[in-house]
Amino acid sequence: MAMVGLFWIAEGDVYVGAKPAGLAPGVRLTPEGVLALGDKQSGMWPWEDVHALTIDDVPVKSLKRHVGAAVDMVLSVGLGGGDEAPTMTVRLADEAGDETPLTAYTAAAVGYSRTEYDLSRDLLARLTEGAGSLLTTLTAMSDWGRRHEGGSPRAAEREALLREWVAAAGV
């Protein structure tokens, strides 16, 4: 399992945000379409029905966020505070412009870097542009995930992978 930008890639499966466990909400990208997972959301949208994928409420790293996350962790662990994991909203828009908000847990405890966030947004936008680039890109991401089961790579490698996948999506 590995986190690359806003994506969690596990055994060839590609998720936006963290891979959900049990009844937790999540969003999986498959060659067939976008799959909503979890107790309070479900559904499958074929790629031909997906006009746009955007993301809201994504925690982006900053000094303030880093300090806030550390304080939250101390309060949660040390003082018995809440254990709510942060979530983001994946907005799926169809051809008519109707949006369906889906919830996914974030995979980065203190937030994502601005570069990874921007590249991930670009990649999601490119996935909705055409079937050829979509399948090429998801296959590249899945293949990488099957070959790389040793945890998340360092920031520079994550950014390089995202740039490679964005370029593949533009083919």
Nearest 0.5 Å, what's the [atom1]-[atom2] distance between [X] and [Y]?
X	Y	atom1	atom2	value
Glu129	His51	CD	NE2	10.0 Å
Thr115	Lys61	OG1	NZ	10.5 Å
Glu32	Leu135	CD	CG	9.0 Å
Leu92	Glu99	CG	CD	9.0 Å
Leu53	Leu124	CG	CG	5.5 Å
Met141	Leu162	CE	CG	7.0 Å

Kindly give the heavy-atom pair with the smallest separation between [X] and [Y], and that separation in Å.
X	Y	answer
Val4	Glu116	C-OE1, 4.1 Å
Gly5	Tyr112	O-CE2, 3.1 Å
Pro31	Trp47	O-CD1, 3.3 Å
Ala2	His148	CB-CD2, 4.1 Å
Leu123	Trp165	CD1-O, 3.6 Å
Asp13	Arg28	OD1-NH2, 2.7 Å

Treat each ILVMFWY residue as a node, draw an edge where side-chain heavy atoms are under 4.5 Å apart, and state whether Val60 and Met3 are in one component. yes
If hydrophobic clusters are built by linking Ile, Leu, Val, Met, Phe, Trp and Tyr wherever their side-chain heavy atoms come under 4.5 Å apart, do Met44 and Leu138 end up in the same one? yes
I'd like to know whether Tyr15 forms a side-chain contact (heavy atoms from CB on, under 4.5 Å) with Leu29, so could you lay out the CA-CA distance, the side-chain angles of the two residues, the decisive distance to 0.1 Å, and finally the verdict. CA-CA 6 Å; Tyr15 299 88; Leu29 306 178; over 6 Å; no
Report yes if some heavy atom in the side chain of [X] is under 4.5 Å from a heavy atom in the side chain of [Y]; otherwise report no.
X	Y	result
Phe7	Ser120	yes
Asp57	Thr87	no
Arg121	Val58	no
Thr89	Leu102	no
Ser113	Glu159	yes

Under a 4.0 Å N-O cut-off, is there an ion pair linking Asp118 with Arg114?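 Looking at Asp118 and Arg114, the cut-off is met.
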List the steps and the verdict of side-chain contact (heavy atoms from CB on, under 4.5 Å) for Val27 and Met88. CA-CA 11 Å; Val27 177; Met88 59 185 164; over 6 Å; no
Expected output: side-chain Gln41 to main-chain Pro25 donor-acceptor under 3.5 Å: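 It does not hold such a pair.
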Spell out, as yes or no, whether a donor-acceptor pair under 3.5 Å connects the side chain of Thr139 to the backbone of Thr136. no
Could you go through Arg147 and Asp143, starting from their C-alpha distance and side-chain angles, then the distance that decides it, and tell me whether this counts as salt bridge (Lys or Arg N to Asp or Glu O under 4.0 Å)? CA-CA 6 Å; Arg147 289 190 317 271; Asp143 288 348; 5.1 Å; no
